[in-house]
Structures are given as structure tokens and as C-alpha cells.
There are 2 protein chains.
Amino acid sequence: MQQGTDSGTVGPHVVRFVTARSVLAELRRGGPLTAGELVELTGLTRATAIAVCEDLVRRGWAEEHEPERTGPQRGRPPRTFGFRADAGVVVGLDIGAHKATALVADLRGDPLGSASGALPSGPHPVEARLDAVSAAALAALRAAGSAPERVLAVGAGVAAPVDRDGRVAEGSQFWEMFDVGVADALFARHGWHVLLENDANLAALAEQWRGAAQGLDDVAVLLAGERLGAGLIESGRLLRGRYGAAGELAFLRLVDGAVGPHGIAQLAREWGAEAAGGPGGLAGLAPRDVTAEAVFSAADDGDPAARAVLGRLAERMARVIAVLSTLLNPELVVLGGAVAPSAAQLLPGIRGALPGLTDTPARVEVSGLGGDALALGAVRRALDDVAERALEIELPASR
Amino acid sequence: MQQGTDSGTVGPHVVRFVTARSVLAELRRGGPLTAGELVELTGLTRATAIAVCEDLVRRGWAEEHEPERTGPQRGRPPRTFGFRADAGVVVGLDIGAHKATALVADLRGDPLGSASGALPSGPHPVEARLDAVSAAALAALRAAGSAPERVLAVGAGVAAPVDRDGRVAEGSQFWEMFDVGVADALFARHGWHVLLENDANLAALAEQWRGAAQGLDDVAVLLAGERLGAGLIESGRLLRGRYGAAGELAFLRLVDGAVGPHGIAQLAREWGAEAAGGPGGLAGLAPRDVTAEAVFSAADDGDPAARAVLGRLAERMARVIAVLSTLLNPELVVLGGAVAPSAAQLLPGIRGALPGLTDTPARVEVSGLGGDALALGAVRRALDDVAERALEIELPASR
DNA sequence: GAAAATAATTTAGACTCTAAATATAGGTCC
DNA sequence: GGACCTATATTTAGAGTCTAAATTATTTTC
């Protein structure tokens, strides 16, 4: 008279499922915990807490530690259990237009190795891009000293809308047609469970996890570069919209002008043209030499024309942030992407303009995560998936 | 050796809680169901299904019906159970600036009675507004033939941001300071469980429940009048933002111009002024007679100036909807509020402009719910709360 | 009135939890 | 080194939940 532990039937075993989940969550969060501490944290009985831990140990998710003996100790030493961060690994993939970055991390998210490689774009066959992505992932695994079989989940970011089912919306640019098949292809090649995600969404996850938005539940992250996208987190949840296109601000770029390097350079050239009577354009540069870097450094040196250009740029970004603030009322907006390194120069202008543009201005910060932000977010995405599926995953034999 | 059925402890009883919830949900959804049908729907065993139903009957949430005997029948007649929609009532309150509307409904949401009354605004004491709201609710209950003790939950909409804890954001207009206390006051007076909610959010719930957005999970409802607010539903959940101000587009009004009656009239007057050389202004009206109604009916009669005004208005609204579409990618945007009755005239203009303003244009429809939309949404909000708390609610003695 | 059909009810068993009673492993103290 | 103290582990008993199988009940049909 077995209880259906499989199938959709309920029964007492779901209670064990729930308690095991909560115990595992506590172990994952904190360091090793004694049974007593688990009793405190979960509200379970000691007997149950230990039984659950032994379950988890048997299934490979936890391990029993030698009791710590710090200072004078009285009474029977407690049993202590810890999360096995090495029970497997996750991979975070940042699949850009011209480059793929892979980051391998353990189950706590601590990085173990990374690698990246150029991606052929344009008229190359889809297979070539796929090979490069796969190679980057394998190289990162090698660097991490881990094997492909130990990968429990893969997060993969692409510069395209991804809907709730992990599908890339159709009708995107040419090279995105490739990304449509990444998840299936990586599964076919390596058996990996791949979670496709929009790149801006990954940036948001990264900032919320280890960046400027740590612990906040209502955040927007602007991924500003040649493309303009926003990762939106409301009440701790990513917003995707009906077809995954929420936050795809590409179109606002056409309205408001680009904010990435090329956009800045163009803005500067326009400005130069306007001030035609001046001494040969911005900071004395020939139009061809007007790059984003040049504008930022000229502004740093006090060049008034460059400063004006940056002011105008700040105003543009402030308008976008104001719309976000009004519509979604986030607590914080983080500026990330290609503009991040120089965005600090824009902050005062943005912050100054914001209260004039919205009743509910969000705090604004610049991302400090650097170039690995997207891969980091992809790792976070994969970890979330592992946490959710943990008790359904059959762990591979230990390393 | 009692199991802690209260406190935070888990145990076998939570299984019963979960199954009871799902059985109750099925009963609430469909009409009366036989035990066999419940077995089908819930995946439970017949024995369990019946045991749960008897539980629910004992607690007042369900009732056993006489077995239906339709057509030729063979075998032992099945037991059938139904949801008791009359186990209590809910109240939906629409607290406007000058008027309060109350709608009483049974637990399926079918309306039983309504009432409304003028609200003193301006320098009147807070108590006066409170009395009027309370009176409207009691009148609606009387009309429904129900008693205040039978109210299981009250949804209340106010024209102000409401955060996740049901608190009105501070720093709102003078009369909103009153609404800050509604929930507590109604609890103190009648013992009611009041759920404060932003009015645009209620409009969204109403449209999703019984309006143009039925069954859709990604919807935005524009509540356009003198104020401009949006109720945003993503993945079936209301978006509130950090301080409840998500969708508070009041500020966009300043940028883009008002879309309500006064705004329309003003727009028309401006237009008249621009076309100063014409025959004395719009449709030959004196500036003082330029009202929203006049403009709409003049446009209906083919007056070119009025048509131009409406075209401009449509363009304004299209811009707002385009921002919504780009940022949140809803499947549908519903136009509600004061403009709804005449918004059909604007639809072609809006729909035409949208694809030029966003890559991901949403479908656009006009609300057909009429003036009770907000009260209806408030009812929905209350019903959701009852559904969530059902098994924790001690039902009052039957009518 | 027996047979067939359908559904309700009963019974046995498995699994979960809590709570209380009992056992254990280390210290300390004499 | 043995008694004792302390904090924890383990065992035991009991209650609640489910499933699955066996049994019983009710109705129609022949």
C-alpha cells in the first residue's frame, strides 16, 4: 500500500518535501548549522530536523561536519550540517553579438572559472556560433576543474526578448535567429538544462544579488549601450510582459537618441556642427576623432562643449529614468552596460533633473559590477533554478 | 499528543489545508459537483474528496445538494456538493473625490445591492466623509438584504497610491489625508476587514474579471479623466512598486496635457485660439461653451476643428500607451475612466499611431463596464482576499 | 426478485509530524 | 578514575493525513 510518491498525488510526503526545502534553504544561506540552530530557524522538532538532514546527506545536498569545538564546551556535542556547494556547478553564459563569456560557479555562486571567446556574426553559419558558445562553456569548466556532467543548470543571456517559456521572440535581427536554438542545442550536446533569458533581466538579477541593488525588491537596471534595455524587478520578481518584450527600450532610443558610445559621438558631432563658428569643433578635434572616450575625457578636463554634450546626455537618460520611476515606482535605478564606466560623470546631472520630471524619483546609482555582470546574472538565474528544482534533481556521482 | 494545529508548526494537517483549498476552489469555480467529478478535477481519492467536502460543509463553506436526476440513471446516486455563495457577502467601495459608491455581492461576485452618496470634500471634517462612506456601505447592505455582520471583506478604492501594506502614501492632496484612516475606521465601526487599493488597480481587476481583459494575464488599464492613472497587471499580478505609486501617471499629464473633460475643453480652446482667423472658434461656440461633450458631438457632426482636436488627443493617448507597451509589453490596454464613454471615437486614431511609436504595440480596447467599474474591482479585490483567507475565516452564523 | 451498474463507506497501511521519555557524549569536580 | 552535570541525540508513542483495496449501499433494468 505504497503512497504515490511520484504522479500528481498528494499525501504526507509533500510535507517532507516542504520541510526539506526549507531546511535546505537555511543550510544554503548560512554556513554550517547545528541541529539546534535549524530547530530555531525552521520551527521543526529536533527529531525532524535531523531526519531531514540525514535525508539531504543521503541525497548528496548536504554533508555532516565535525562538531566545531570553540571555547569551553558543555554537554553532548551537537551534530552540524552544511550545504554542499560542491554538489555540482552552474554555468552563466553571456552571449553577446561578437563575444561569448562563460562563468562557472559552485552552488553558492562563488566563481570557479571563466572563459570567453569571439563569436562569428553576420553571414556565418549558425553552427559556428554554437561551436564558439559551447567552447567557451567547456573552457570555463576546464578552468574550474569541473566536468560537463556536473553542470546542474545553465543560465544564458541573449540580447533579445525572451518570453516566460524561455523562447526568443520571433522577428528579431538576423543573428538572433541563432539564439532561438541555443537552449535545445546545448541540451542536445551536453544534456544541460538551459535557461534562456534577456540580457537586461540578467543585469537586474546580478545587481540585486551582488551589485548596487542588493536586497531590494523593486529595482530597474538600465543596460545602456548601443542598445537600450531595462531589467525590471517588482516585488522581487522579474517582469517579462506578454511576449517577453517588457523593458525592451530599443524604440525609445529612436525617440530620445542613443546613449551608447556611438550615440554620444554622434551627439557631440551634432553639437560641433551647431557651434559651427567655434574653433574647429569639439575640443579642437576633427570630427572623425570624436569618440565617446574623447568626449568624456574632454569634459573631465573642463572642455565646455564636451560638458554640454554630457549634460544633454544626462538629460536624455533622466527622461528615461523618469518614465521608469513614474510607471513602476522602483526604489532604485541602476545604470549598467557600456555606459557604466563613465556614467558616474552623468550622475549629478541625472539626479538633478529627475525631481523635475517625476513625482516619484527613484534613487540612481551606477553599476559597479563591471564586464562580468551579465554572466554573473546568468549564474544567479541558474542558481535560482537549481534551488527550485533541487529536490527533484538526481545528483551526479560526486566529483 | 496533539499536533499543533495552530502556531507555525507544520505537520499532516497542512496537507488537509491544501486539499481543502483546492476542493473549495473547484466548488467555487464550477456549479455543484459530484464527488466523482471532484475526484477527476483534484486528483484526490473519492474517500478523501468526500471527507474534505464534509469538512467544508461543517465549516459553512459548502453544502450538500440533492443528487440531480437528469435522464436515465443507473447505479447509486452520487453525492453532490456546491459552494455556498451565500455564506457571507463582500463590499466594494469606490471612494471618489465627491462621491462614494458601495456595491454588495455574494461570494461568487454576483451583485446583491448597491448605493451611493455624495462626499463632502474640502474643509469638512474627516468624520463627515467617513460617515458618508459608512452610510453608503450600510445602505447597499440594506438593499442587498444583508447585515453588517455578514461582511467577510471590504475592498476600497481611493485615488491615491497605496503600498503593499495597504497604506496610503503620504504627501497626497488634502482630502486624501482622510483616506489614510478609512480602513482602520471601518474596522473600528463595523469590524470589517478592509483592503485599501488604488483606484486604477481596481479598474484593472475589474476589466480582467468581467471586462475587456477577461482571462488575460498581462494588461494595463488606463483610468483617464482629470487624473491619469494606470492599473498594471503582469503575469496575473498587480504591480505596485516600492511605495505603491506604480502607474501614477499624474505627472505625465503635466508633460503631455490632460485627457479628461477639462483637458479636452482646454485643448479645444487653444486650438480655437490658434485658428484665430476662423469663424469665431470651434463650431461657432463661444469659448465658455466649449465643453468636452460639445467637442465630441461636434466631431461626430464632422466639424473639422473638433476632429483636429480629437486627433491631437488621440495622439497624446497613443504616446502614453506606447510607453506602456514598450516598457511592460502588455497584451491589451483598456481605456477606462471618464473618457471611456467617448473613447471609441479616439480608438482609430490611437490604433493608427501606435505602431509608429513602439515596436510592441498592445491591443487597445475601450472599457465597457461603465460607472460601476471601480466598485466592481473593489468587489473582486475583496473576493480574492476571502478566497485566500477562506479556511482561516470563522463564518458568522448563517443568515 | 436477481443482476448489473455505479458510487459510498470501511479497512489496512504508509508516511509525516510533534511531544515526551530515555539515552549519550562530552566536560567538571573531587 | 568515577560521580555528576549539561546539552544534545535518539527512541517511542500518538495523531493526522493520504492512497488503495475490499466491502457495502442504492438504484435501475430485466
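Letters go in sequence order (proteins before strands), and every chain restarts at 1. Below, all heavy atoms of this structure are taken into account, side chains as well, without hydrogens, waters or symmetry copies.
Using a cut-off of 4.0 Å between Lys/Arg side-chain N and Asp/Glu carboxylate O, A:Glu54 and A:Arg79 are scored as salt-bridged. Ion pair A:Arg164/B:Asp218 flagged as a salt bridge, since at least one NZ, NE, NH1 or NH2 atom sits closer than 4.0 Å to an Asp/Glu carboxylate oxygen. Comment: B:Arg29 engages B:Glu26 in a salt bridge, judged by a side-chain N to carboxylate O separation of less than 4.0 angstrom. By the 4.0 Å N-to-carboxylate-O rule, A:Arg59 lies too far from A:Asp55 to be salt-bridged with it. Between A:Arg167 and A:Asp184, no side-chain nitrogen of the basic residue sits less than 4.0 Å from a carboxylate oxygen of the acidic one, so the salt-bridge criterion is not met. In this structure, A:Asp165 does not pair ionically with A:Arg242, as no charged nitrogen and carboxylate oxygen lie closer than 4.0 Å. At a threshold of 4.0 Å, the pair A:Asp86-A:Arg84 counts as salt-bridged, since one of the basic side-chain nitrogens sits closer than that to a carboxylate oxygen.
Between C:dT18, D:dT29, D:dG16, one nucleotide has an atom nearer to the side chain of B:Arg74 than all others, and that is D:dT29. Distance from the side chain of A:Ala35 is smallest for D:dA9 among the nucleotides D:dA9, D:dT17, D:dT19. Of the candidate nucleotides D:dT24, D:dA9, D:dT19, D:dA9 has the atom nearest to the side chain of A:Arg46. Here the nucleotide nearest the side chain of A:Thr45, chosen from C:dT18, D:dT10, D:dT19, is C:dT18.
Residue B:Ala51 is out of contact with every strand shown, counting any heavy-atom pair closer than 4.0 Å.
Of all the residues in residues 20-30 of chain B, not one reaches under 4.0 Å from DNA chain C with any non-hydrogen atom.
Side-chain nitrogen and oxygen atoms of A:Thr48 include at least one within less than 4.0 Å of the OP1 or OP2 phosphate oxygen of C:dT18. Not one side-chain nitrogen or oxygen of B:Arg79 sits closer than 4.0 Å to the OP1 or OP2 atom of C:dA8. Of the side-chain N and O atoms in A:Arg16, one or more sit less than 4.0 angstrom from OP1 or OP2 of C:dC17. Between D:dT17 and B:Thr19, no contact under 4.0 Å exists linking OP1 or OP2 to a side-chain N or O.
Atom CD of B:Glu54 is separated from atom C1' of C:dA7 by 14 Å (rounded to the nearest Å). In this structure, the CD atom of A:Glu66 is 14 Å from the P atom of C:dA25, given to the nearest Å. Rounded to whole Å, atom C1' of C:dA25 lies 14 Å from atom CD1 of A:Ile50. Distance CG (B:Leu38) to P (D:dT19): 13 Å, rounded to an integer number of Å.
DNA chain C is contacted by both A:Val14 and A:Gly75; A:Val14 maps to the nucleotide lying nearer its 5′ end (nearest heavy atom per residue).
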